[in-house]
Participant: 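This is the structure I want to talk about, given as structure tokens.
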Amino acid sequence: MSKEYKLHCFAQSGNSYKAALMLACSGADWEPVFVDFFHGQTRGVDWRASTNEMGEVPVLEHAGNTLTQSGVILDYLADRLGKFGAQSEDEKREILRWILFDNHKFTSYIATYRYFRCFATPAPHPEVQKYLKGRAEAAYSIVDAHLARNEYMVGARPTIADLSLAGYAFYPAEETSIDLAAAYPNIARWAQRIADLPGWKGPYELMPGERIAPRNA
Ligand SMILES: N[C@@H](CCC(=O)N[C@@H](CS)C(=O)NCC(=O)O)C(=O)O
């Protein structure tokens, strides 16, 4: 029987993992729909017309709605599932603040750096990689400092802000080249708290697609 939520995704997509983690940790009735990113599916005219004009995953289908952008999906799911949401107007803004920071600085640089390092052909220019890694490290330092003072990103319990920032936290260091425990111990401890949530699974367990060994590491 068809599941209530369908998440278009693939295993290497940390942005999709944010939504998959939310669904898994909320005990939702969901299934992944494999998107063959590495063979160009998201660049296809038909896929863009039928599924997401932005050419990106994640895409969530639910009750006749099609949603894109992980932050929007997380916000929608928090409302629908009654989990990991804000408990006040102030918290709602604070969650949005961190999700925007995540999308602009925290996820975007590490995701692009990792993509070039692991999956791109031809291999990227070393100066480009150096720039992206530096930007990623700057964002990681900001989050690490925040987590030195707080157990979670907003308030005293996990919210969708944490699930958003956790998008790339569980990919192996051979892909990200970041050893969280050594370089960002507060992020590492926070990631462990997220991994301890009921229903937690890693990205390669939750989403479909073949593993690809890092190509340009
Ligand atoms: N801000 C978007 C980013 C989504 C995104 O960049 N997804 C990647 C996979 S992780 C993608 O589909 N990229 C396709 C492309 O850039 O062509 C979100 O949070 O959903």
Side-chain angles (χ1 to χ4, degrees), residues 5-24 30 32-62 65-80 84 95-122 124 128-129 132 135-136 139 143 153 159-172 175-178 194 201-212 214-216:
Y5 294 92
K6 288 186 199 302
L7 182 68
H8 298 248
C9 60
F10 61 94
Q12 285 82 5
S13 168
N15 284 299
S16 299
Y17 179 61
K18 299 169 185 184
L21 190 56
M22 173 73 183
L23 290 160
W30 74 286
V33 177
F34 176 60
V35 175
D36 196 353
F37 170 83
F38 291 106
H39 290 101
Q41 191 174 352
T42 57
R43 288 188 293 280
V45 175
D46 290 350
W47 192 87
R48 290 188 175 191
S50 67
T51 310
N52 184 6
E53 64 183 344
M54 293 179 182
E56 296 177 335
V57 291
V59 176
L60 183 78
E61 286 184 69
H62 177 245
N65 298 313
T66 300
L67 295 106
T68 79
Q69 291 296 326
S70 60
V72 171
I73 292 170
L74 288 171
D75 181 63
Y76 177 87
L77 289 174
D79 282 351
R80 294 291 149 144
F84 302 109
I95 287 170
L96 179 60
R97 192 168 78 95
W98 281 110
I99 287 179
L100 290 170
F101 180 80
D102 175 44
N103 274 244
H104 183 203
K105 299 267 178 67
F106 190 76
T107 280
S108 64
Y109 287 113
I110 192 63
T112 309
Y113 171 77
R114 167 180 166 267
Y115 175 79
F116 281 156
R117 187 171 190 273
C118 299
F119 311 123
T121 43
V128 171
Q129 285 298 79
L132 291 172
R135 295 291 287 172
V143 173
M153 295 308 296
T159 67
I160 54 172
D162 298 283
L163 301 185
S164 185
L165 282 135
Y168 286 80
F170 302 105
Y171 287 104
E175 293 184 7
T176 61
S177 87
I178 291 181
I194 303 295
K201 284 185 182 163
Y204 287 116
E205 282 178 278
L206 274 187
M207 300 184 295
E210 295 278 309
R211 284 287 286 264
I212 301 171
R215 287 183 176 133
N216 309 310

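Read the numbers this way: they start at 1 and go in the same order the structure lists the ligands and their atoms. Keep in mind that this is a model prediction, so the values were computed, not measured. Starting from 1, each residue takes its place in the sequence as its number.
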Participant: Hey, can you tell me if F10 and F37 have their rings parallel, tilted or perpendicular (30° and 60° cut-offs)?
Facilitator: parallel
Participant: Measure the spacing between CH2 of W30 and CG of L77 and express it to the nearest 0.5 Å.
Facilitator: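 With rounding to 0.5 Å, CH2 (W30) is 10.5 Å from CG (L77).
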Participant: Kindly write out the residues that satisfy side chain to side chain donor-acceptor pair (under 3.5 Å) with Y76, not counting sequence neighbours, or none if the list is empty.
Facilitator: H62, N65
Participant: Show me the donor-acceptor pairs within less than 3.5 Å that the side chains of residues 67-75 make with the rest of the protein, sequence neighbours left out.
Facilitator:
unit_1: Q69; atom_1: NE2; unit_2: E56; atom_2: OE1; d: 3.0

Participant: Identify the protein atoms, limited to N or O, that lie within less than 3.5 Å of an N or O atom of ligand 1, and list each pair with its distance to 0.1 Å.
Facilitator:
unit_1: ligand 1; atom_1: 1 (N); unit_2: Q69; atom_2: OE1; d: 2.8
unit_1: ligand 1; atom_1: 1 (N); unit_2: N103; atom_2: OD1; d: 3.1
unit_1: ligand 1; atom_1: 7 (N); unit_2: V57; atom_2: O; d: 2.8
unit_1: ligand 1; atom_1: 12 (O); unit_2: V57; atom_2: N; d: 3.0
unit_1: ligand 1; atom_1: 19 (O); unit_2: N15; atom_2: OD1; d: 3.4
unit_1: ligand 1; atom_1: 19 (O); unit_2: S70; atom_2: N; d: 3.4
unit_1: ligand 1; atom_1: 19 (O); unit_2: S70; atom_2: OG; d: 2.6
unit_1: ligand 1; atom_1: 19 (O); unit_2: N103; atom_2: OD1; d: 3.2
unit_1: ligand 1; atom_1: 20 (O); unit_2: S70; atom_2: N; d: 2.9

Participant: Using the test ring-ring contact (aromatic ring centres under 6.0 Å, His included), find all partners of Y168 that sit at least two apart in sequence or belong to another chain.
Facilitator: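 With neighbours one apart ignored, the set is Y171.
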Participant: Measure the OG-CZ distance between S177 and R114 for me, rounded to the nearest 0.5 Å.
Facilitator: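 Result: 11.5 Å between the selected atoms.
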